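Written out below as structure tokens is the structure these notes cover.
Because the structure is a prediction, the values reported are computed rather than measured. To find a chain, count down the sequence lines: A is the first, B the second, and so on, and within it residues start at 1.
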Amino acid sequence: MEVLLQLLIGGILQGGIYALGAFGLSLIFGVLRVLNVAHGDFLILGAYATFVLYSTLGLSPFVGLVLVFPAFVLIGILVERTMIRPIRAQTAHEFLVASILITLGISLAVEDLLAFSMVQPVKGIDYSLAPFRLGGLVISTLRLLSLGLIVLLSLGLHVFLQATLQGKAIRAVIEDREGAMLAGINVLAVSRNTFGLGVALTSAAGVFFISIIPVEPHMGLPLTLKYLSIIVLGGIGNLPGTLLGAVILGCSESLVGFWWGAEWSLTVAFVILIAILLLKPRGLFG
Amino acid sequence: MKPAVAAASLLAFALLPWIASTYVISLAFALFLTAALAQSYDWVGGHLGYMNLGHAAFFGIGAYAFGIIFARGGGLPLAWGAAVLLPVVAALLMSYPFFRLRGAYFALATFGLVALLERLASNLAGLTRGSEGLTIPTGYRLYPAYYILLILCAALTLATWRLSRSRLGLALVAIREDEDAVGAYGVAPFRFKCGTLTVSAAVAGLVGAVYTWQITYITPGDIFSLEKAVGPVVIAMIGGSGTVLGPLVGALLIETIREMLRLKTQYLALTVYGVMLILVGLFIPGGLMRLRRRAAHGQS
């Protein structure tokens, strides 16, 4: 029973980390209609940035987050301006194909360059805080703190989308692009900001990721696949659905990993994806 | 003039083993392998408009089915048969859930299929020998394998040419351009989608079997690698997805670049590949074949 609780807590935390990245992917897809294949790689980049900050400047991951988040907003905006906006004028099919080619190219180049530039590609952070006990349960303070911050970030994102003008504009564009344009929303600016925000969210997930699990460059694409199953589960632009999907995936991975071994975790994500497609093709809440 | 050019190049390739060294023949073998995969991919990816990043999954199923049966002494006919039939079964099974997805979703879900099979091939070590790799009895097979792929490539190109001029080809392009409109005209898109995917899977499986037969040693990391998954798609795109000759042109270009890279540098080949993808996506999303046509339109 305690083992089960322990596993579920681990799964929920993992799910929270997945959720941050999946929010980003979902927003980007909703607004720009671009499937960002390089999404998982931005998580890895965020994790590496955290590692570099920690190992050279001695900054704790949580302080690092304050630097990493805005830096990746800028990186995301830069990517959107240089590589996504120029192909906007294509027809729908060509745009889809070109955007997948471009983001896949980014993903391949980033993974290869990271693997090349790091002598030992697997990076972890030996940052830890004393665990505390709750009855028979041992709970890692680091994990709890991460979970708390993830919840805060998600709530912040929720408030941003619901209450601010910029957030409402994002939702409007997801809802109806032409309608949003007619209402005087600058769709180009919204697209740019959303890409920055989405990339920054997944880089923030990278900060939490590396403080718990070591990362290596080739985790990027499998992560993007997991994000995809999550947003198919939760529905595009649906934050609570995405969160639930992420937690379902995190918990099932944690349980399957315990009983059958961690090498099956991607298989789980995929089986869940297929099952959802068969039963509810529009997502759990669609 | 065009049939004459085609016949001449076919004859040249058929006579190549008498003039060229083994090195050239193995390069040509790699070229045909790439071209056959790209051409069979493009029926689904280019004509039908469903970007199937899981084409390597069919290739891999064929490669492994052939390898496992042949390594256990199952005999060649059975091995070849299984290498074609199993991908067909896989394609039929995945049609229903996967063709509920469109666009980017379909692309990424099929990509997941390759990742899934890579895990399965590594984890089910009893069947596939896992990451150790599967070995089949060796033999001198470069020339027969070369001719099989040459004939296959010629047949595929002819089939694609016929397809592009048939009602069936028209139906596929119509689905690519507006699937809902096709449905509204009383044509069920699913039958076309499922059928095209199945035929394309059978060809990929056959190519996989030829690969195992000639290379004699396969590992999950090689068969289900990123490069194999992305390769056919990229090649078709570069040459011109949905055109008859596009996949062939793309294969020629990519194989040349890859060989040059291999001679020049050991590292960062994937980075160069990635940058190339970005450039193609940004500047020639229609591919080289369409570039020529566009130029012609511009002049007239």
Side-chain angles (χ1 to χ4, degrees), chain A residues 25 29 33-38 82-84 86-87 90-113 115-116 218 221-222 224-229 231-232 236 260-261 263-267 269-271 273-279 281-282, chain B residues 45-46 49-51 53 93-94 96-109 111-120 122-123 176-178 226-227 229-230 233-234 236-238 241-242 267-287 290:
Chain A
L25 188 68
F29 188 74
R33 299 275 131 195
V34 167
L35 187 89
N36 181 17
V37 180
T82 54
M83 296 189 225
I84 307 295
I87 57 171
Q90 313 282 352
T91 63
H93 180 70
E94 280 197 350
F95 176 71
L96 169 74
V97 163
S99 67
I100 287 187
L101 274 186
I102 288 170
T103 51
L104 189 66
I106 297 175
S107 162
L108 290 182
V110 164
E111 291 189 11
D112 200 38
L113 281 173
F116 181 71
H218 299 295
L221 274 170
T224 309
L225 288 176
K226 287 180 186 175
Y227 290 150
L228 177 86
S229 349
I231 62 175
V232 169
I236 292 286
W260 288 325
E263 71 267 25
W264 291 101
S265 77
L266 190 64
T267 316
F270 200 70
V271 169
L273 177 70
I274 302 254
I276 298 291
L277 288 182
L278 279 171
L279 301 172
R282 298 195 165 274
Chain B
Y50 274 80
M51 193 172 182
L53 286 172
L93 282 180
M94 67 178 263
Y96 183 67
F98 278 67
F99 277 129
R100 292 180 160 209
L101 301 171
R102 285 189 192 177
Y105 283 104
F106 181 82
L108 220 67
F111 195 40
L113 196 64
V114 183
L116 174 75
L117 284 175
E118 197 266 329
R119 295 319 312 163
L120 284 182
S122 307
N123 293 346
R176 175 181 79 199
E177 295 303 327
D178 194 338
L226 202 61
E227 257 192 291
V230 177
V233 185
V234 173
M237 301 279 165
I238 289 179
S241 203
Y267 304 104
L268 296 180
L270 267 180
T271 308
V272 175
Y273 209 61
V275 171
M276 217 158 64
L277 289 195
I278 297 175
L279 293 179
V280 170
L282 276 177
F283 299 113
I284 44 167
R290 288 208 179 79

Please walk me through it: do B:Phe111 and A:Leu228 pass side chain to side chain contact (heavy atoms under 4.5 Å, CB included)?
-> CA-CA 11 Å; B:Phe111 195 40; A:Leu228 177 86; over 6 Å; no
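With values rounded to the nearest 0.5 angstrom, A:Leu101 atom CG is found 8.0 Å from B:Ile238 atom CD1. Taken from CG in B:Leu277 to CD1 in A:Ile100, the straight-line distance is 12.0 Å, to the nearest 0.5 Å.
The two residues B:Thr271 and A:Asp112 have their closest heavy-atom pair at OG1-OD2, 2.7 Å. The two residues A:Met83 and B:Leu282 come nearest to each other via the heavy atoms O-CD2, 3.5 Å. Taking each heavy atom of B:Ala115 and A:Leu225 in turn, the nearest pair found is CB-CD1, 3.7 Å.
Using a 4.5 Å cut-off between heavy atoms, B:Val230 contacts chain A through its side chain alone, with no backbone atom that close. Using a 4.5 Å cut-off between heavy atoms, A:Val34 does not touch chain B at all. Only the backbone of A:Thr82 comes within less than 4.5 Å of a heavy atom in chain B; its side chain stays farther off. A:Phe95 does not touch chain B: none of its heavy atoms, backbone or side chain, sits under 4.5 Å away. If you measure heavy-atom distances from A:Ile84 to chain B, you find no contacts under 4.5 Å at all. At a 4.5 Å heavy-atom cutoff, the contact between A:Ile87 and chain B is made by side-chain atoms alone. Proximity to chain B involves both the backbone and the side chain of A:Ile106, based on heavy atoms less than 4.5 angstrom apart. Heavy-atom distances place both the backbone and the side chain of B:Leu113 under 4.5 Å from chain A.
Per-residue heavy-atom pair counts under 4.5 Å with chain B were compared for A:Pro222, A:Ser99, A:Ala109, and the maximum is reached by A:Ala109. Among the candidates A:Ala98, A:Gly105, A:Pro86, the residue making the largest number of heavy-atom pairs closer than 4.5 Å to chain B is A:Gly105.
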